[in-house]
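Report on the structure given below.
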Amino acid sequence: MQTSPDYTIQLTFDDDSTIELHSFPFSDVEKASIEFNNEESIAYIEYTSIEQDTKVSTEEAEIRIKQEQIAAQQAAEAAAQQAAQEQAQQEAALQAQQAQQAQQIQQQPVQQAPVQNTAPSANEGCLGDSVETW
């Protein structure tokens with residue numbers, strides 16, 4: 001089986017809008033006309049195949065490619081939205097956990113160390129403790 005490379009051609013119009021022709025068959029076409037489907041906003045080609053000697057239109061293939069691109073874009077947007085929702089849920093859960101921990105810390109009884117008596121005792125500073133008496 002022999003395969004040929006696929007080419008994508010981008011057409012840019014005077015208003016700077018662009019459109020693509022996918023899998024352009026350079027090796028199988030001598031002359032082609034570029035057509036435009038306003039309803040689908042796609043360009044496609046019509047040509048006579050050199051290999052098969054039949055008239056070919058790529059309109060259906062271009063419509064399918066556009067639908068696949070739209071579906072892929074919608075899937076990517078849905079995945080991004082899902083990821084954002086999961087991120088928000090994780091952040092909310094983390095905030096709830098932090099709030100719960102803060103509340104638990106506030107509810108714990110405060111244990112204070114016993115107060116040490118630092119007042120001088122009755123024997124401290126007496127003259128007779130270390131002084132010889134007369």
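Heavy atoms only: backbone and side chains are in, while hydrogens, waters and symmetry mates are out. Nothing here was measured: the structure is a model prediction, and the numbers come from that model. The chain is numbered in sequence order, starting from 1.
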Counting only heavy atoms from other residues, nucleotides and ligands, does the tally under 6.0 Å from [atom1] of [X] exceed 12?
| X | atom1 | answer |
| --- | --- | --- |
| Q85 | CD | yes |
| E60 | CD | no |
| D15 | CG | yes |

With clusters defined by side-chain heavy atoms of hydrophobic residues (ILVMFWY) lying less than 4.5 Å apart, directly or transitively, does [Y] cluster with [X]?
| X | Y | answer |
| --- | --- | --- |
| Y44 | F24 | no |
| V56 | I9 | yes |
| F26 | I50 | no |

With rounding to the nearest 0.5 angstrom, report the [atom1] to [atom2] distance, [X] to [Y].
| X | Y | atom1 | atom2 | result |
| --- | --- | --- | --- | --- |
| K66 | Q69 | NZ | CD | 9.0 Å |
| T18 | Q10 | OG1 | CD | 4.5 Å |
| I34 | L21 | CD1 | CG | 5.5 Å |
| E20 | T12 | CD | OG1 | 9.5 Å |

Under 3.5 Å: donor-acceptor pair, side chain of T58, backbone of I45: yes
Donor-acceptor contact present, side-chain E62 to main-chain H22, <3.5 Å: yes
Polar contact flag, side-chain donor to acceptor under 3.5 angstrom, Q90-E86: no
Polar contact flag, side-chain donor to acceptor under 3.5 angstrom, Q95-E91: no
Looking only at heavy atoms, which two atoms of [X] and [Y] are closest? And how far apart?
| X | Y | value |
| --- | --- | --- |
| F36 | S41 | CZ-CA, 4.1 Å |
| S49 | D28 | OG-OD2, 2.7 Å |
| I19 | A43 | CG2-CB, 3.3 Å |
| N37 | E40 | OD1-N, 2.9 Å |
| E59 | I42 | O-CD1, 3.8 Å |

Verdict with supporting geometry, Q97 and L94, side chain to side chain contact (heavy atoms under 4.5 Å, CB included): CA-CA 5 Å; Q97 183 182 14; L94 180 60; 4.1 Å; yes
